[in-house]
Peer 1: 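Next up is a structure, given as structure tokens.
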Amino acid sequence: EPEVTQTPSHQVTQMGQEVILRCVPISNHLYFYWYRQILGQKVEFLVSFYNNEISEKSEIFDDQFSVERPDGSNFTLKIRSTKLEDSAMYFCASSALPQGYRQPQHFGDGTRLSIL
Amino acid sequence: EDKVVQSPLSLVVHEGDTVTLNCSYEVTNFRSLLWYKQEKKAPTFLFMLTSSGIEKKSGRLSSILDKKELSSILNITATQTGDSAIYLCAVDPSSNTGNQFYFGTGTSLTVIP
């Protein structure tokens with residue numbers, strides 16, 4: 001069964017450094033998402049992306065964050081200058097059609113980001 | 001503010017028991033409610049519910065939506081140790097265009113042999 005793949009599985013970075021988290025969505029999916037989950041807390045929406053542009057973003061997704069689909073398969077999340085509070089599990093998800101057509105989002109295994 | 005609340009927060013049962021997990025929501029508009037199972041890593045999709053009163057079943061798991069009560073339950077019968085996980089409820093409000101979900105904090109289920 002097709003799946004969303006994320007790399008790396010764990011990233012350790014010094015505060016202030018830039019990180020890029022990578023995702024390969026399911027190949028025929030058109031909608032891509034990033035979520036994060038701080039340890040012990042709920043899964044929180046960051047951003048959704050369709051047709052090469054952001055369709056929605058949350059308050060968490062400030063100027064330090066950016067997303068890109070650099071080629072036909074990868075979808076990346078960049079954090080420009082990491083802070084301690086960025087430490088979390090970051091999940092990428094994709095779906096074939098928007099929820100109005102009743103297609104669920106499928107999640108990758110996540111990248112655990114640890115900021116030192 | 002849109003909100004999704006799950007109860008109980010955690011549950012410990014013995015193998016063979018039946019459990020019922022609850023999810024209630026307050027959203028501006030409602031399109032669908034989804035249940036996910038989260039073990040060590042990715043949430044994996046279980047059910048999507050859009051119509052009130054129609055039960056979705058998959059093996060020992062079943063779920064039903066009550067739009068009048070703004071809630072859903074997830075039932076697991078004859079629990080097994082492999083059912084141990086965090087069960088997440090997510091709501092898709094139709095008011096947004098980005099198709100984000102609002103997640104609850106989850107119910108942590110532990111099934112002991």
Side-chain angles (χ1 to χ4, degrees), chain A residues 1-10 23 25-26 29-51 53-61 67 89-112, chain B residues 1-7 9-10 23-25 27-52 54 56 58 61 63 65 72 74 85-108:
Chain A
E1 186 177 320
E3 56 184 31
V4 176
T5 55
Q6 290 186 242
T7 54
S9 57
H10 193 187
C23 170
I26 294 172
H29 284 187
L30 302 175
Y31 294 81
F32 315 116
Y33 315 84
W34 284 101
Y35 289 84
R36 79 171 186 191
Q37 187 176 31
I38 295 170
L39 192 63
Q41 298 185 25
K42 65 173 68 176
V43 175
E44 300 173 291
F45 170 78
L46 294 178
V47 66
S48 60
F49 191 87
Y50 168 69
N51 200 25
E53 60 182 23
I54 291 173
S55 47
E56 188 170 8
K57 59 184 181 180
S58 71
E59 292 172 355
I60 303 167
F61 194 89
V67 289
M89 180 73 92
Y90 287 80
F91 290 108
C92 174
S94 69
S95 65
L97 289 166
Q99 292 306 305
Y101 295 89
R102 301 171 186 173
Q103 295 297 315
Q105 296 176 14
H106 295 270
F107 286 76
D109 280 344
T111 292
R112 178 161 296 289
Chain B
E1 183 183 311
D2 294 334
K3 193 163 61 172
V4 179
V5 177
Q6 291 185 245
S7 64
L9 289 180
S10 66
C23 176
S24 62
Y25 59 90
V27 294
T28 310
N29 291 292
F30 175 86
R31 183 155 46 185
S32 61
L33 183 146
L34 298 93
W35 284 97
Y36 284 84
K37 178 182 181 182
Q38 185 177 24
E39 296 175 87
K40 290 181 182 171
K41 294 184 177 179
T44 52
F45 172 73
L46 294 175
F47 299 113
M48 174 182 275
L49 304 160
T50 55
S51 301
S52 204
I54 298 175
K56 293 275 183 90
S58 176
L61 277 67
S63 184
L65 176 67
S72 173
L74 175 69
I86 296 173
Y87 290 84
L88 299 172
C89 172
V91 170
D92 175 25
S94 62
S95 58
N96 71 64
T97 56
N99 305 300
Q100 67 158 295
F101 292 163
Y102 294 104
F103 280 86
T105 49
T107 292
S108 176

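Just so it is clear: chains get the letters A, B, ... in the order the sequence lines come, proteins before strands, and each one is counted from 1.
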Peer 1: Give the minimum heavy-atom separation between A:Phe91 and B:Pro43, together with the two atoms involved.
Peer 2: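 That closest heavy-atom pairing would be CE2-CD, 3.8 Å.
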Peer 1: Could you tell me whether B:Lys56 atom NZ has more than 12 heavy atoms of other residues or ligands within 6.0 Å of it?
Peer 2: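 Enclosed.
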Peer 1: To the nearest 0.5 angstrom, please state how far the CD atom of A:Glu3 sits from the OG1 atom of B:Thr44.
Peer 2: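 It comes to 12.0 Å.
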Peer 1: Using non-hydrogen atoms and a 4.5 Å limit, figure out which bit of B:Leu88 sits close to chain A: side chain, backbone, both or neither.
Peer 2: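 Only the side chain of B:Leu88 comes within 4.5 Å of chain A.
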Peer 1: Between A:Glu44 and chain B, which part of the residue has a heavy atom less than 4.5 Å away: side chain, backbone, both or neither?
Peer 2: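 When you check distances to chain B, no heavy atom of A:Glu44 falls under 4.5 Å.
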Peer 1: Provide the closest heavy-atom pair for B:Ala42 versus A:Gly108 in the form atom of the first, atom of the second, distance.
Peer 2: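 Closest heavy-atom pair between B:Ala42 and A:Gly108: CB-O, 2.6 Å.
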Peer 1: Check B:Thr105 against A:Lys42 and note the closest heavy-atom contact, atom names and distance.
Peer 2: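 For B:Thr105 and A:Lys42, the tightest heavy-atom pair comes out as CG2-CE, 3.7 Å.
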Peer 1: Could you look at B:Gln38 and say if it's the side chain, the backbone, both or neither that has a heavy atom under 4.5 Å from chain A?
Peer 2: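 Side chain only.
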Peer 1: Do the ring centers of B:Phe101 and A:Tyr33 come within less than 6.0 Å of each other?
Peer 2: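 No, the ring of B:Phe101 stays outside the 6.0 Å limit from the ring of A:Tyr33, centre to centre.
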